[in-house]
Asker: 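Once you've had a glance at the structure underneath, I'll fire off some questions.
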Amino acid sequence: MIDPKLLRTDLPKVAEALRKKHYELDAALFTRLDTDRKERQIKAEGLQAERNQYSKSIGALIGAAKAKGDDIEPLKAQGEALKHAFLEAEESLQAVQSKIESLLLEMPNIPDGSVPNGKSESDNLETRRWGEPPTFTFSPLDHVDLGVALGGLDFDRGAKITGSRFLQMRGQIALLHRALGQFMLNTHITEHGYEEVYTPYIVNRESLLGTGQLPKFEADLFKLDDEREYYLIPTAEVPVTNIFRNEIIDELPIKFVCHTPCFRSEAGSYGRDTRGMIRQHQFDKVEMVQFVEAKKSWAALDDLTTHAQSILEKLKLPYRRVTLCGGDLGFSAAKTYDLEVWLPSQSTYREISSCSNFTDFQARRMKTRYRNASSGQVEHIHTVNGSGLAVGRTLVAVMENYQREDGSIQVPDVLQPYMNSLRVIS
RNA sequence: GGAGAGGUGGCCGAGUGGUUGAAGGCGCACGCCUGGAAAGUGUGUAUGCGUUAACAGCGUAUCGAGGGUUCGAAUCCCUCUCUCUCCGCCA
């Protein structure tokens with residue numbers, strides 16, 4: 001959530017910054033609500049102070065009245081009157097505060113000044129390109145044809161077991177998929193300084209509010225039919241980032257990596273990527289999450305992005321990096337770099353990782369803070385996260401880029417130790 | 001699923017209706033003491049919100065969460081939640 005103090009002091013500037021995200025901030029509404037809030041809060045707290053003071057003195061007043069033989073009922077009635085005046089003011093304050101809270105919870109993070117203008121994906125800015133797309137002496141197949149022919153990908157049975165956008169993997173393809181996850185996890189642990197965490201795959205509403213999936217994006221989530229309001233995680237970002245919800249952290253930075261399945265309802269994307277495993281309701285992802293001091297989040301984003309890139313480079317998969325434009329930027333992010341891997345079947349680069357700085361936006365929603373050693377003050381931390389990488393899409397990329405004319409797939413060198421030294425999938 | 005016991009500050013632990021944001025201890029910070037240290041000793045040591053130039057003062061909230069009773073609730077009542085113990089079941 002955006003710092004309410006910033007909204008009060010610099011409303012036009014915030015509204016202007018949010019326009020880059022194509023969000024129209026209703027400044028008049030906010031000002032009106034906040035003016036009301038201030039007025040009502042001062043009134044309610046004043047009445048409460050009066051009531052507290054009266055309660056403290058009533059013992060003596062009753063004692064004195066009794067000594068004189070006076071009726072003590074008027075004294076109690078006075079207390080009652082104070083209570084009712086306060087409760088009325090309190091109720092009116094609550095009403096306006098909950099309106100402000102809803103408004104704040106639906107307001108996206110402020111994009112960083114360096115974020116390019118633009119409306120959609122096509123306005124994203126390419127900032128890096130690595131590797132050469134492979135050239136084939138035959139016409140390359142897509143991962144569906146390759147995987148089905150190898151008996152490793154089974155979309156029909158996935159659909160039978162569950163429904164569309166689910167798949168089953170088998171044999172050496174399933175092994176390749178598992179090897180990719182293990183390789184990514186191990187690399188981040190041993191080479192990039194992350195600590196492994198295992199978390200629940202089902203989260204509550206508070207956690208989703210904390211990272212920003214709720215209240216606005218309920219439709220993207222799978223919700224359990226249960227009175228407890230539980231949801232399947234759409235990304236490990238949710239459970240991992242919420243580890244420190246409502247906590248004050250002593251030692252920063254903290255770097256976690258977590259391999260989980262992710263569940264997305266993909267509502268509203270019915271026509272897109274219907275073929276293959278690019279867009280599934282369930283996919284595996286290795287997620288990196290960093291908790292850092294406010295001053296250090298931009299360096300952390302650069303750092304984390306190179307960690308994701310190194311996975312692609314070790315796998316020798318050609319990719320490019322784009323900086324998302326304002327219109328394509330997610331709700332909670334201040335800035336995002338997407339990594340896109342080359343897919344021969346589509347002759348294009350497709351998203352395989354998304355690395356973002358959320359500044360203090362998630363931390364404010366989660367109330368995650370740290371004690372600034374130099375100032376002694378408690379401050380909100382910054383959160384930075386990114387995929388390192390989406391495992392399903394990496395499988396697609398390996399299959400397509402490493403395919404051979406006979407339909408077999410060469411195993412990338414770095415994966416062989418994870419696959420019992422298997423060199424070719426056939 | 002059944003039965004019972006509990007959730008108080010960074011930690012331990014008092015506190016069953018009225019100067020309790022909360023005794024006491026530990027830890028931590030700073031000072032005194034000391035040649036230096038330990039011991040001893042003194043002071044301080046939660047977070048949010050509001051007001052404010054102020055991280056000064058003042059006000060307000062918070063004793064798992066929410067609701068209720070009362071002039072007044074950490075203390076009484078209700079609901080939820082989490083933890084622990086025993087039985088059952090089970091990966």
Side-chain angles (χ1 to χ4, degrees), chain A residues 1-10 30-31 33-67 70-105 198-210 224 226-231 239 242-252 254 293-295 360 362-381:
Chain A
M1 123 169 46
I2 296 175
D3 184 357
K5 281 182 185 146
L6 185 65
L7 284 167
R8 276 173 218 143
T9 55
D10 248 332
F30 179 81
T31 305
L33 290 175
D34 194 55
T35 307
D36 277 1
R37 186 226 91 229
K38 182 168 172 171
E39 198 176 283
R40 296 179 196 190
Q41 183 166 348
I42 289 170
K43 186 179 174 194
E45 289 186 358
L47 287 168
Q48 178 72 300
E50 236 182 284
R51 180 197 187 197
N52 287 345
Q53 204 168 1
Y54 186 73
S55 288
K56 278 182 187 170
S57 64
I58 196 168
L61 292 175
I62 288 176
K66 279 184 173 165
D70 288 351
D71 185 7
I72 62 167
E73 284 311 312
L75 293 172
K76 288 194 174 188
Q78 167 72 5
E80 187 105 34
L82 283 171
K83 177 167 84 170
H84 283 116
F86 161 71
L87 286 177
E88 203 175 306
E90 173 74 7
E91 201 176 320
S92 143
L93 172 64
Q94 286 297 337
V96 73
Q97 273 182 334
S98 73
K99 277 185 199 163
I100 291 173
E101 198 187 322
S102 310
L103 187 62
L104 288 176
L105 282 175
Y198 174 89
T199 67
Y201 299 156
I202 294 174
V203 293
N204 61 30
R205 202 180 156 75
E206 283 67 35
S207 293
L208 288 156
L209 279 168
L224 268 55
D226 182 296
E227 70 281 359
R228 285 173 290 197
E229 297 217 76
Y230 285 168
Y231 297 79
N242 275 281
I243 286 173
F244 297 116
R245 175 152 51 84
N246 286 324
E247 291 192 36
I248 298 174
I249 304 176
D250 292 323
E251 289 280 321
L252 290 176
I254 293 171
E293 289 175 47
K295 293 276 179 288
D360 62 355
Q362 294 181 324
R364 281 185 191 283
R365 291 174 155 246
M366 296 189 302
K367 299 184 176 65
T368 302
R369 293 155 296 168
Y370 77 105
R371 203 172 301 279
N372 186 321
S374 50
S375 68
Q377 290 304 109
V378 173
E379 297 174 11
H380 286 97
I381 61 154

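Chain identifiers are assigned alphabetically (A, B, ...) following the order of the sequence lines, protein sequences preceding nucleic acid strands; residue numbering begins at 1 within each chain.
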Asker: In the strands shown, is G24(B) matched to any nucleotide by a Watson-Crick or G-U wobble pair with both distances under 3.5 Å, and which?
Answerer: C12(B)
Asker: What does Arg37(A) touch in the nucleic acid at a heavy-atom separation under 4.0 angstrom: a base, only the sugar-phosphate, or nothing?
Answerer: sugar-phosphate
Asker: Out of A61(B), U47(B), U51(B), which nucleotide sits closest to the side chain of Ile248(A)?
Answerer: U47(B)
Asker: What contact category does Lys5(A) fall into here, base, sugar-phosphate, or nothing, at under 4.0 angstrom with non-hydrogen atoms?
Answerer: sugar-phosphate
Asker: If we take the C1' atom in both U79(B) and A22(B), what is their distance in whole Å?
Answerer: 27 Å
Asker: List the atom of Arg369(A), the atom of Ile381(A), and the distance in Å for their closest heavy-atom pair.
Answerer: C-CG2, 3.8 Å
Asker: Expressed as a whole number of Å, how far does the P atom of U43(B) sit from that of C26(B)?
Answerer: 14 Å
Asker: Considering only atom C1', compute the distance from U8(B) to U20(B) and round it to an integer number of Å.
Answerer: 11 Å
Asker: Would you compute the distance between atom CZ of Arg8(A) and atom OG1 of Thr31(A) and round it to the nearest 0.5 angstrom?
Answerer: 11.0 Å
Asker: Say we look at G13(B) and U70(B): how far apart would their P atoms be, to the nearest angstrom?
Answerer: 36 Å
Asker: Between Glu80(A) and Asn52(A), name the one whose nearest nucleotide on RNA chain B is closer to the 5' end.
Answerer: Asn52(A)
Asker: Would you mind classifying the nucleic acid contact of Arg40(A) as base, sugar-phosphate or nothing, using non-hydrogen atoms under 4.0 angstrom?
Answerer: nothing
Asker: If we only count heavy atoms from C-beta on, is the Gln41(A) to Gln97(A) side-chain gap below 4.5 Å?
Answerer: yes
Asker: Which base, if any, makes a Watson-Crick or G-U wobble pair with G57(B), both distances under 3.5 Å?
Answerer: U51(B)
Asker: In whole angstroms, how far is the C1' atom of A65(B) from the CG atom of Asn204(A)?
Answerer: 13 Å
Asker: Can you tell me, in whole Å, how much space there is between the P of C12(B) and that of U60(B)?
Answerer: 30 Å
Asker: Using atom CG of Asp250(A) as one end and atom P of C11(B) as the other, report the distance to the nearest whole Å.
Answerer: 11 Å
Asker: What interatomic distance, in whole Å, is found between C1' of G25(B) and the corresponding atom of A37(B)?
Answerer: 24 Å
Asker: OP1 or OP2 of C49(B) versus the side-chain N and O atoms of Gln41(A): is any pair under 4.0 Å?
Answerer: no
Asker: Does a side-chain N or O of Arg369(A) approach OP1 or OP2 of U47(B) to a distance below 4.0 Å, or not?
Answerer: no
Asker: If the threshold is 4.0 Å, N to carboxylate O, is there a salt bridge linking Asp3(A) and Lys5(A)?
Answerer: no
Asker: Report yes if some heavy atom in the side chain of Leu105(A) is under 4.5 Å from a heavy atom in the side chain of Arg365(A); otherwise report no.
Answerer: yes
Asker: Let me know the distance between CD of Glu50(A) and P of C71(B), rounded to the nearest Å.
Answerer: 17 Å
Asker: On RNA chain B, check which nucleotide each of Arg364(A) and Ala77(A) is closest to and give me the residue with the more 5' one.
Answerer: Arg364(A)
Asker: Side chain of Glu45(A), base of G59(B): donor and acceptor closer than 3.5 Å?
Answerer: yes
Asker: Side chain of Arg51(A) only, heavy atoms from C-beta on: which candidate in G48(B), U60(B), U70(B) is closest?
Answerer: U70(B)
Asker: Side chains of Glu90(A) and Leu93(A): does their closest heavy-atom pair fall under 4.5 Å?
Answerer: yes
Asker: Please check the phosphate of G50(B) (OP1 and OP2 only) for any side-chain N or O of Lys38(A) closer than 4.0 Å.
Answerer: no
Asker: Using atom P in both nucleotides, what's the gap between G44(B) and C49(B) to the nearest angstrom?
Answerer: 26 Å
Asker: Between Arg371(A) and G10(B), does any side-chain N or O lie under 4.0 Å from OP1 or OP2?
Answerer: no
Asker: I want to check one thing: is the phosphate of G72(B), taken as OP1 and OP2, less than 4.0 Å away from some side-chain N or O of Lys83(A)?
Answerer: yes
Asker: Could you check whether any side-chain heavy atom of Leu7(A) comes within less than 4.5 Å of a side-chain heavy atom of Leu104(A), counting everything from C-beta outward?
Answerer: yes
Asker: Rounded to whole angstroms, how far apart are CD on Gln48(A) and C1' on A61(B)?
Answerer: 9 Å
Asker: For the C1' atoms, the ones on G17(B) and on G59(B), what distance do you get once it is rounded to whole angstrom?
Answerer: 24 Å
Asker: Pick base, sugar-phosphate or nothing for Lys367(A), based on heavy-atom distances below 4.0 Å to the nucleic acid.
Answerer: nothing
